[in-house]
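Working notes, beginning with the structure itself.
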Amino acid sequence: MCGIFGYINYLVEKDRKFILDTLVNGLSRLEYRGYDSAGLAVDGDKRNEVFAFKEVGKVAKLRELIDNSGVDMTKVFDSHAGIAHTRWATHGPPSRKNCHPHKSDPKWEFAVVHNGIITNYKELRTLLEGKGFKFETDTDTECIAKLAKFLYDSHPDLDFTTLAKTVIKELQGAFGLLLKSVHYPQEVIAARKGSPLVIGVKTAKKMKVDFVDVEYSQGEESGYALSAERASHNVAVKKNAANMLSPSARGMLAPPDKSLLHRSQSRAFLSDDGMPQPAEFFLSSDASALVEHTKKVLYLEDDDIAHIHDGQLNIHRLNKDDGTSNVRAIQTIELELQEIMKGKFDHFMQKEIFEQPESVVNTMRGRLDVANKTVTLGGLKQYISTIRRCRRIIFIACGTSFHSCMAVRGAFEELTEIPIAVELASDFLDRTAPVFRDDTCVFVSQSGETADSLMALRYCLERGALTVGIVNVVGSSISMLTHCGVHINAGPEIGVASTKAYTSQFVAMLMFALSLGEDRASKQKRREELIEGLGKVSEQFREILKLNEPIKQMCAKFLQNQKSLLLLGRGSQYSTALEGALKIKEISYLHCEAVMSGELKHGVLALVDENLPIVMILTRDEIFKKSLNAYQQVIARGGRPIVICNTGDPEFPPEKVERIEVPQTADLLQGLLNVIPLQLMAYWLAVAEGLNVDFPRNLAKSVTVE
């Protein structure tokens with residue numbers, strides 16, 4: 001939800017057109033996150049002037065507004081800082097007034113863009129209104145800009161970092177924000193607390209080191225946070241009596257004290273003569289928006305405050321956390337531009353459905369050895385024996401990720417014989433469910449930023465449980481906060497409705513179960529069967545995707561213009577039905593309900609008649625005969641179900657039954673294959689209605705609010 005993008009150039013000449021295009025294109029790359037308005041702020045033509053553009057609707061409308069504004073696009077800046085944002089409304093309706101960036105005053109002395117929610121904004125607003133500030137919007141974000149101005153007016157000698165620290169100390173809630181000011185030209189503050197921020201770095205010469213040191217406040221004993229700027233100019237104000245040259249020197253300027261020059265310069269960005277070199281910095285909520293500019297990125301951690309100025313990047317923290325590294329690595333992202341483009345497909349969702357034969361291979365690559373029947377998960381290696389000894393494993397997730405946990409529950413129970421619980425993160429928190437030190441809590445999320453899952457993660461950490469993260473996005477909050485985990489390596493998923501992340505989560509967690517069951521001789525034959533099955537999955541996916549056109553025709557013939565749809569599955573196929581129903585609801589806006597076949601006669605059978613469209617998952621497994629009972633009950637009441645069955649199953653002759661045939665595999669893997677026809681069904685139903693498949697109404701890709 002919401003997207004942040006920023007661009008700072010230092011000693012690199014760029015005209016205003018390039019700067020605006022970079023910001024707007026950055027927002028376009030973040031459209032998949034869900035939004036209802038967009039805006040940006042750049043420097044004006046005069047000193048201390050800011051040009052801001054805001055528009056309700058899509059980024060294309062913002063681009064149109066800028067094109068028609070008449071601003072001088074040829075003006076060249078050798079150094080400049082611009083910030084931009086896509087807003088998903090939480091406080092106040094979508095409007096130009098409520099759109100980001102928000103300003104501190106009519107002159108735009110401070111401008112801010114912000115993801116997340118400031119929970120104490122009402123108290124801050126009341127305080128600032130008492131100081132004479134007038135609020136123009138309904139948002140929680142406006143109080144950040146006005147608080148910055150209030151503090152600056154009170155202490156105009158504060159440097160930007162100290163001012164930002166003071167502002168952030170007062171904020172409660174989850175946020176990712178960028179702050180710029182006319183008082184600190186060509187500088188930007190980026191802060192993260194629970195909402196992702198990544199910084200892309202582009203320099204003409206190779207950087208000295210591939211990390212940035214973290215700078216800390218000097219601690220309670222000094223009572224003073226030395227600013228990086230003053231330290232870098234070799235000037236130190238003595239605040240601690242123990243450090244004074246003489247009793248008369250209190251508060252006076254003193255010779256530089258090396259102990260106070262705490263990593264004050266960004267070593268990575270200095271040239272051979274010690275001077276900063278020309279550089280460009282790109283800030284974003286997601287690394288996928290940076291890949292066209294640079295592959296060198298740095299992920300901020302929670303409570304990091306980054307200060308970009310004079311071609312340098314300094315990272316500050318208010319307090320030294322025991323569990324936090326003293327450096328932030330500058331990483332090279334393994335992402336190509338074509339991965340975030342549609343290519344030959346009409347929609348990202350369609351592309352991602354057809355990428356699944358490759359994405360599941362990427363999930364297994366280097367981990368699954370089919371020939372030797374072994375599974376190696378490096379991210380879990382140190383903890384696997386501890387997990388084997390745990391009292392129970394609790395899977396905690398939301399939406400599609402919850403369904404993938406449901407899908408593998410049976411595999412974990414069978415292969416590990418450890419009690420398994422699967423929880424919706426929001427409900428888990430509402431109940432304040434008991435968690436113990438000998439529990440293992442597994443958090444599954446595509447983005448790794450899901451708000452409810454993050455809150456549940458912190459809840460479990462407080463209670464001493466071992467935590468495992470299963471995520472797709474490298475550098476995400478869940479991947480950094482958990483003790484260990486697995487990246488599913490599905491590649492960027494742009495469409496709001498998750499497809500390839502579901503199948504990759506399924507595969508990753510199944511490999512997790514296989515690793516845990518490795519020490520059980522009684523399960524060896526079963527493990528080998530599943531490993532062989534995983535080795536064939538990619539080719540079976542390709543076979544199923546050949547049904548794309550027949551499924552499109554089937555949707556047009558039997559399901560178009562319907563008001564409701566019933567999906568039936570039993571055993572491990574119930575989770576497949578849940579996931580299929582969610583996909584259909586998400587993008588086609590057709591009411592679709594997933595029902596466990598065994599529950600049909602406990603009330604749902606009353607809905608069945610010759611008019612109700614029904615899809616039944618009836619692939620062969622140990623409970624196939626029980627599932628067949630539900631099919632007979634539907635047929636007896638005049639129902640005409642579409643059946644998902646195994647290839648050539650004689651139970652469902654094609655002349656009597658509308659059927660979708662999928663290859664047969666191990667029962668615990670069958671759900672992987674069965675979900676793909678349902679994904680295609682959801683896609684073609686949405687396309688037939690002329691709906692926006694990739695960006696369904698009211699929904700966002702990354703759900704970062706409760």
Side-chain angles (χ1 to χ4, degrees), residues 353 356 360 395 397 399-414 422 424 444 497-510 513 530 533-534 537 540-541 543-545 547 551 554 559 565-588 590 592-600 604 613-624 626-628 630-631 634 641-647 649 652 659-683 685:
I353 290 171
Q356 288 175 109
V360 291
F395 289 89
T400 286
S401 298
F402 173 75
H403 298 155
S404 67
C405 295
M406 292 271 291
V408 298
R409 177 173 59 183
F412 274 87
E413 287 172 338
E414 182 182 339
V422 180
L424 281 166
V444 186
S498 182
T499 50
K500 66 177 181 176
Y502 174 83
T503 49
S504 285
Q505 284 171 350
F506 193 129
V507 168
M509 286 190 282
L510 198 67
L530 292 171
L534 283 173
V537 159
Q540 290 170 329
F541 276 6
E543 202 175 317
I544 296 168
L545 289 169
L547 301 174
I551 288 173
M554 190 179 284
L559 302 177
L565 175 62
L566 209 58
L567 265 177
L568 298 176
R570 186 164 187 148
S572 58
Q573 300 315 313
Y574 175 53
S575 57
T576 309
L578 283 170
E579 174 59 12
L582 178 62
K583 288 291 136 316
I584 290 167
K585 281 181 281 202
E586 269 183 304
I587 62 167
S588 72
L590 168 66
C592 185
E593 187 176 351
V595 177
M596 193 178 285
S597 298
E599 291 296 297
L600 190 64
V604 181
I614 300 172
V615 177
M616 299 189 75
I617 304 170
L618 291 166
T619 44
R620 298 259 171 180
D621 55 19
E622 286 184 357
I623 55 171
F624 176 70
K626 292 182 180 180
S627 301
L628 211 53
Y631 173 71
V634 168
I642 296 171
V643 173
I644 297 175
C645 64
N646 292 126
T647 307
D649 194 324
F652 310 104
R659 65 184 195 177
I660 299 170
E661 296 179 286
V662 297
Q664 187 157 6
T665 185
D667 53 350
L668 292 176
L669 298 176
Q670 192 68 57
L672 263 179
L673 308 184
N674 294 350
V675 78
I676 292 179
L678 297 174
Q679 293 173 349
L680 289 169
M681 203 175 281
Y683 175 77
L685 284 170

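Here the straight-line distance linking atom CZ of F652 with atom CG of N646 works out to 9.0 Å at 0.5 Å rounding. Rounded to the nearest 0.5 Å, atoms CG (N674) and OG1 (T665) are 10.0 Å apart. Atom OG of S627 sits about 10.5 Å away from atom CE of M596, to the nearest 0.5 Å. In this structure, the separation between OG on S504 and CD on Q356 is 7.5 Å, given to the nearest 0.5 Å. Residue L567 holds its CG atom at 11.0 Å from CG of L582, rounded to the nearest 0.5 Å. The structure places CE of M554 at 6.5 Å from CE of M681, a figure rounded to the nearest 0.5 Å.
Shown here for C645 and R659, the closest heavy-atom pair between the two residues is SG-CD, 3.9 Å. Minimum interatomic distance between H403 and L578 (heavy atoms only, all atoms of both residues): CE1-O, 3.5 Å. The shortest non-hydrogen separation linking A630 to L600 is O-CD2, 3.8 Å. Residues F506 and L668 share a closest heavy-atom pair of CZ-O, 3.4 Å. For the pair V408 and L510, the tightest heavy-atom approach, listed with the atom from each and the gap, is CG1-N, 4.4 Å. Minimum heavy-atom separation, L628 to L618: N-CD2, 4.3 Å.
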The test is side chain to side chain contact (heavy atoms under 4.5 Å, CB included); show your working for D667 and I623 and say whether it passes. CA-CA 10 Å; D667 53 350; I623 55 171; over 6 Å; no

S498 vs K583, side chain to side chain donor-acceptor pair (under 3.5 Å): CA-CA, chis, key distance, verdict: CA-CA 8 Å; S498 182; K583 288 291 136 316; 5.8 Å; no

Using the side chain to side chain contact (heavy atoms under 4.5 Å, CB included) rule, take V615 and L568 through it: C-alpha gap first, then chi angles, then the decisive distance, then the call. CA-CA 6 Å; V615 177; L568 298 176; over 6 Å; no

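In this structure, the side chains of L673 and I544 come closer than 4.5 Å at one or more pairs of heavy atoms. A heavy-atom distance below 4.5 Å is found between the side chains of V444 and S404. I644 has its side chain out of reach of M616: every pair of non-hydrogen atoms, C-beta onward, lies at least 4.5 Å apart. Inter-residue side-chain proximity for I614 and L565 is flagged as unmet; no heavy-atom pair is nearer than 4.5 Å. Residues D649 and V643 have side chains not in contact (no heavy-atom distance under 4.5 Å, counting atoms from C-beta outward). Taking 4.5 Å as the limit, every side-chain heavy atom of Q670 sits out of range of all side-chain heavy atoms of L672. The side-chain heavy atoms of P613 and L566, taken from C-beta on, include no pair separated by under 4.5 Å.
E579 and T576 are not linked by any side-chain donor-acceptor pair at a separation below 3.5 angstrom, with hydrogens and angles left out of the test. Under the 3.5 Å distance criterion, with hydrogens and angles disregarded, no donor-acceptor pair is assigned to the side chains of Q664 and T619. Judged purely by distance below 3.5 Å, without hydrogens or angles, the side chains of T647 and E661 never pair a donor atom with an acceptor atom.
Each of V675, T499, I551 was evaluated against L680; a single residue qualifies, I551, per the side chain to side chain contact (heavy atoms under 4.5 Å, CB included) test.
With sequence neighbours excluded, the residues that form a ring pair (Phe, Tyr, Trp, His ring centres under 6.0 Å) with F412 are F395, F512. F624 is linked by a ring pair (Phe, Tyr, Trp, His ring centres under 6.0 Å) to nothing, counting only residues two or more places apart in sequence or in another chain.
Between the side chain of S588 and the backbone N or O of K585, no donor-acceptor pair lies under 3.5 Å.
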